[in-house]
Structures are given as structure tokens and as C-alpha cells.
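In listed order, ligands and their atoms are each counted from 1.
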Amino acid sequence: MSHSKRILCIGAGYVGGPTMAVMAMKCPDYRFDVVDINPERIAGWNSDELPIYEPGLDEVVRKARGRNLFFSTEIAAGIRDADIIFVSVNTPTKTFGEGAGMASDLQYWERTAHEIVEHAEGDKIIVEKSTLPVRTAEAMERILKANPRGRRFEVVSNPEFLAEGTAVRDLLEGDRVLIGAHDTKDGRAAAAAVADIYRHWMPEERILTTSVWSSELSKLVANAFLAQRISSINAISALCEKTDADVGEIARAVGSDSRIGARFLNASVGFGGSCFKKDILNLVYIARSYNLPEVADYWEAVVRMNNFQMERFVRRMVREMFNTVAGKKIALFGFAFKADTGDTRESPAITVSRLLLEERAHLAITDPQALENARKDLADLEGEVTYTIDPYAAAEGADAVAVLTEWRHYRELDFERIFHSMRQPAFLFDGRNILDHRTLREIGFQVYPLGSRSLTSF
Ligand code: NAD
Ligand code: UGA
């Protein structure tokens, strides 16, 4: 079948793969090619075992792959043949040079710009899908305009708001799609071409258009606001533990104010994920570079509070376990940065593990999806760590269980059995407040919920 338009996506990661798969499923009249420099990732996308775990994704890929969705490493050919090019490469925090630890590392992004210039044979629309510092499109345009063959490239910003674990649902039923374009004839035409893709399934009123700069900055701001809510409730969780107030009750009382809203108010051991910290630090860096230190400090506090929360969680464990965990076995329930993903990037479990290993604890890590990543994350740390898919095996002979990821099935475990297999007194630290703390106390555990009174026999 011939397709009316050819769409290319450079970068077959957590965003590029699912986004293009959903678009391809919904737009059978377009052809979608997803390319990557990593041949293993591409082989994964072409196999029955996709390179990322996302509920519902297998089915979406199965519907479109080989029909109008193709994964390959043919970057040059992809660029040559495409009408619209989405760029969805990684934009991690810079680890070197100026801005190290704060600014975005744009080397992958810039490399794609040069590749586009080199291989494009006609005019193209370039879509920023990656999360980027505000005014990146300007730099992109300078590189693209420097092309020797007079090609015209129109740069559009279309940031992605999907969350891992719910990517397919978010892509199908997202609150909005944001398209930022220049207010010129070509800019408006490019925005319309990108909007046409989403119109295949998104209601018109959810497709928002703005300037390129507002769109780029909105993405950073959305993540900063979401993370700020978590740091706000986590700050209150510390206060609750001192005052016998209950952070869950507070979240309900505060969140039922419709001006505030109920979501993203779950106190936790800390937020993780590849983006919150990276994007806030990027925002901080941008504010500093525009000489706005108050703005920068304000947002940086969100990250500082998150670090405090992770460290506080471990300090409490050590303190409650008679001021030492050296030689004690601690079972970590969950390693992924959130439930329903195998992703461990910036997972609070990494910080918690590192701090516990510094205290010479022995760790037994269990997670249904993230063990392979956990092994890699902790590879350079010294100390005793074992990995098992079976939570019962992890808890056997342990002094403490610490819940670090809110996997639903942890609620259904047989905690009687777990309690009796542990050393006594058996401690339970619920870093996600997902368990039934009263029942656990009745079983005999020394229970430490987050942000409320501990339930113990001491
Ligand atoms: P990722 O690391 O999973 O995927 C990026 C892919 O790009 C990798 O497979 C890498 O090999 C490939 N790549 C790098 N340079 C390349 C090049 N020159 N040519 C071809 N391929 C290249 O990253 P991700 O999680 O998909 O994130 C991508 C972007 O989307 C980031 O800017 C991120 O901030 C943003 N974002 C991520 C999420 C998320 O949930 N992960 C959500 C919204 C936005
Ligand atoms: C987040 C945003 O929600 C997405 O909109 C955005 O597109 C994405 O970042 C991105 O730019 O990468 P994600 O990090 O995948 O998505 O997952 P979230 O559901 O936002 O969770 C982030 C972290 O916050 C997790 O560690 C989660 O456990 C934690 N969290 C979340 C809490 O501790 N409490 C809450 O109430 C909610």
C-alpha cells in the first residue's frame, strides 16, 4: 500500500518507540520508520521481546509492525525519504564541562541535526520530541540553515507528556498534545501537518498550539510542577512523623480542594525517573544563565527536598534498627523508579541501596521487571547484594523489608509467611505507603509507614 506521508523518528527509546507505535496504529494511511544508532535496540523492537516493558505496548506494536511501522538502523535512508522527522534522542544531564550536573547534554541532538543536513534531499519538517532547553530550536535552525543545497527545514516543538508504565494510555488519551511553531506561513503549515497526525484520534480541543519557545519551556515547567507537588507532600511527611499527623489524611484533605487537585500527592521515598531531576536542573541552569538566581533557587529546592527524603528514609531505617544495619539482611521490595516499568533511571532504590551498603547492610533485591537494570546500576558498588524475582526468598532471614516501588502485587503477598521467615524483631519500612499497616502490626511486624506514626511494640 502506498502511504500519503512518510514519518521518521530518530531515537527508538522509551518515547520514540511507543509514540510511533501508537501513531502508526492510529494512522494506517501514513508510513512510520523508527531508526536508532543502537542495533540491539532495533533488533529488540523487531522481536517478540520488546526492549522496554510497557503495559499494552506489545499489542499496539503487533498491530502496526510490518504494516506501516518499521524499525531499522537505516538513518540516512530514513532521513532521505521522510516528510516529517521526529527527533526523540536522549538529552541527559551534562556530565562534563560547563553546566556539568545541571545543563542538558545536547550532543545527540546536535548530531541528528547534522545528519539531517547531510542526508536530506528535499524540504522537511523537523519535530523536537525530546525534552530540550528553551530556545533549542534556534540553535537547530542555525545548523539546518547552513545546508549547502538550499533545503528548507521548518522546526516544530512537540514535547511528549507520557509517563512510563501508562505510556500507551497516555498516548491514546492524553490530556493534551502541544505543538509549538513559528507564527509564519511555513510555521503554521508545519504545525498543521503535525496536528494532522494527532487528529486521527485526538479531539481537536486537546491539540494546543503555541509559539516554539512556549512549547519548549512548557515541557520543563510541567515536569517541574509535577515534581514540586511530590516534594511538597514529602516535606510534609517529615513533619507528620514528628507530630503524629498522617500524611495520607493530609493529602486527602488538601487534595479534595478542587483548586489543588488530588493527584501527585502520594508521599514516597522520593521521585525518580529519567526526567524530573534532569528537567528541573535544566530549568535551574537556564534561570541562572539568564541571571535569575531567585528563580533558580526556588526550583532547585524541589530536587534538594527529594535528596533529603531519600536520605531521611535510610537514616530512619538505621536509627530504628538500633542504630546499626551492619551485617543485617535487608530486603528491598521493588527497584524500578515506579510500578509497571522495568526502568530504574534515577530510581530512589539506587540511592537507598548505596546508602545502606555504606552502612554495610546486606541487600536482597526483588523486583518483577527491573532486576537486570538493578544489577547494572549497582555493579560498581561494593558489598553483599543478591537479586531474586521472588519476594518471599528476598525476605527469608531478613531483618527488614523496605518497600521502594509501588508494585500492586506487593499488597497481595502473604505477610504472615514473610513475617515468620524473617529474623525477629521483623521491621517493615513502607516507602510507598501501599501496605495495610494495621494488619502488618497485628501479624507482629514493627511497621514504619512514611509520614505517619510508626506501629511498633517498642
Ligand atoms: P532513551 O535513552 O530511551 O532513547 C533515546 C534513543 O536515542 C536511544 O535508543 C539512543 O540510542 C538513540 N540515539 C541517540 N543518538 C542518536 C542518533 N544520533 N541517531 C539515532 N539514534 C540516536 O530516551 P527516552 O527516555 O526515549 O527519552 C528521549 C527524550 O524524550 C528525552 O529528551 C527525554 O527527556 C524525553 N522524554 C522522556 C520521557 C520518558 O518517559 N522516558 C517522557 C517524555 C519525554
Ligand atoms: C513524568 C511525567 O509524569 C510525564 O508527564 C513526563 O512526560 C515524563 O516524566 C518525562 O518527561 O519523562 P514518569 O517519570 O515516567 O513521567 O513517571 P511519573 O508517574 O511522573 O513518576 C515519577 C516519579 O514520581 C516516580 O518515581 C513516582 O513513583 C513518583 N511519584 C509520583 C511519587 O512519589 N508520588 C506521586 O504522587 C506521584
Check each atom of ligand 1 against the heavy atoms of Lys278 and keep those under 4.0 Å away; list them by number with element. 33 (C), 34 (O)

Within a distance under 4.0 Å of any heavy atom of Ser88, pick out the atoms of ligand 1 and give their elements. 5 (C), 28 (C)

Part of Asp36 with heavy atoms under 4.0 Å of ligand 1, whether side chain, backbone, both or neither: both

For ligand 1, which atoms have a heavy atom of Glu115 less than 4.0 angstrom away? 18 (N)

Atoms of ligand 1 less than 4.0 Å from Lys219 heavy atoms? 43 (C)

The answer for which part of Ser130 has a heavy atom under 4.0 Å from ligand 1 is both

Within reach of ligand 1, part of Ser274 (heavy-atom separation under 4.0 Å): side chain

Could you name each residue pair satisfying side-chain hydrogen bond (donor to acceptor under 3.5 Å, both in side chains) that touches residues 365-377, not counting sequence neighbours? Thr344-Asp377, Asp367-Trp407

If you measure every N/O of Ala163 against every N/O of ligand 1, is any gap under 3.5 Å? no

Tell me which pairs pass salt bridge (Lys or Arg N to Asp or Glu O under 4.0 Å) where either residue lies in residues 237-247, with sequence neighbours left out. Glu241-Arg312, Glu241-Arg316, Asp244-Arg453

Arg345, portion touching ligand 1 at heavy-atom distance under 4.0 Å: side chain

At a non-hydrogen distance cut-off of under 4.0 Å, which region of Leu162 contacts ligand 1 (side chain, backbone, both, or neither)? both

Ligand 1 atoms nearer than 4.0 angstrom to some heavy atom of Ile75 are 19 (N), 20 (C)

